[in-house]
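Just so you know, residue 1 is the first one in the sequence shown, and it goes up from there.
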Amino acid sequence: LRTLEREADELRQRAEAGVLDRKQRETQLEEKLRALESELSREKASSEAAFRTKEEIAASLEAERGRIPVLVSETSALASATDALHEEQQVARQRLAEAEEAAAQQARKVAGLREAVERQRADLVGVSSAAEREEAREAELRANLDQTRSGLGLK
């Protein structure tokens with residue numbers, strides 16, 4: 001009987017210990033389950049955030065793709081305008097060169113005319129001097145003539 005009682009006590013102790021072990025394992029498993037659920041929740045939130053970011057990036061890229069034709073068009077217009085400006089600049093340079101050449105020709109003409117005027121002036125001074133000499137000679141001849149007349153008594 002004692003042996004049976006001892007065995008019954010042992011079985012009870014084992015049963016109680018088994019119940020305790022099972023409760024501890026259940027508690028540990030519940031804690032692990034909560035930790036896994038928490039980690040799963042974090043991963044899900046991270047995944048959703050990554051998905052939203054991916055969608056935002058995709059939308060942004062799509063918007064940028066939409067701007068590409070506009071940018072190409074604007075670039076083409078700028079290139080055309082630049083080409084037109086270069087052509088206008090080349091024409092303006094050519095006109096400036098022509099105007100500078102015409103101004104140089106005018107300057108040469110003016111210089112030639114100045115030289116001609118100076119020659120004319122010199123000729124005029126020469127003619128004027130010759131005329132003055134002629135007038136002086138004429139005055140001298142008149143004076144001589146007047147003296148001769150006076151000397152002859154002819155007035």
Notebook entry, point to check: L29: which other cluster members, linking ILVMFWY side chains closer than 4.5 Å, directly or transitively?
Noted result: none
Item checked: Spacing of R142 atom CZ and R149 atom CZ [to the nearest 0.5 Å] -> 10.0 Å
Item checked: Between CD on residue E140 and CG on residue N144, distance to nearest 0.5 Å -> 5.5 Å
Item checked: Gap between atom CG of L61 and atom CD1 of I57 - 0.5 Å precision -> 7.5 Å
Checklist line | Residues forming a side chain to side chain contact (heavy atoms under 4.5 Å, CB included) with E7, sequence neighbours excluded | finding: T3, L4
Item checked: Working for salt bridge (charged side-chain N to carboxylate O under 4.0 Å, His left out), residues R42 and E48 -> CA-CA 10 Å; R42 282 193 306 272; E48 288 173 354; over 6 Å; no
Check: Do you know which of R95, E88, Q89 makes side chain to side chain contact (heavy atoms under 4.5 Å, CB included) with V91?
Finding: R95
Next item on the list: Applying side chain to side chain contact (heavy atoms under 4.5 Å, CB included), name anything that partners E132, two or more places apart in sequence or on another chain.
Entry: S128
Checklist line | Flag, side chain of T75 to backbone of L71, donor-acceptor distance under 3.5 Å | finding: yes
Note to self: I'd like to know whether CD of E101 has more than 12 heavy-atom contacts from other residues, nucleotides or ligands below 6.0 angstrom.
What the structure shows: yes
Distance-only donor-acceptor hits, side chain of residues 112-126, under 3.5 Å, sequence neighbours excluded:
{"residue": "E118", "atom": "OE2", "partner": "R121", "partner atom": "NH1", "Å": "2.9"}

Item checked: Ionic contact status for R93 with E87, cut-off 4.0 Å -> no
Checklist line | Side-chain cluster (under 4.5 Å, hydrophobic types only) that V72 belongs to, other residues | finding: I68
Notebook entry, point to check: Where the side chain of S80 meets the backbone of S76, is there a donor-acceptor pair that is under 3.5 Å apart?
Noted result: yes
Item checked: Side-chain donor-acceptor pair present, S38, R34, cut-off under 3.5 Å -> no
Note to self: Suppose the criterion is side chain to side chain donor-acceptor pair (under 3.5 Å): which pairs have a residue in residues 51-62, not counting sequence neighbours?
What the structure shows: E62-R65
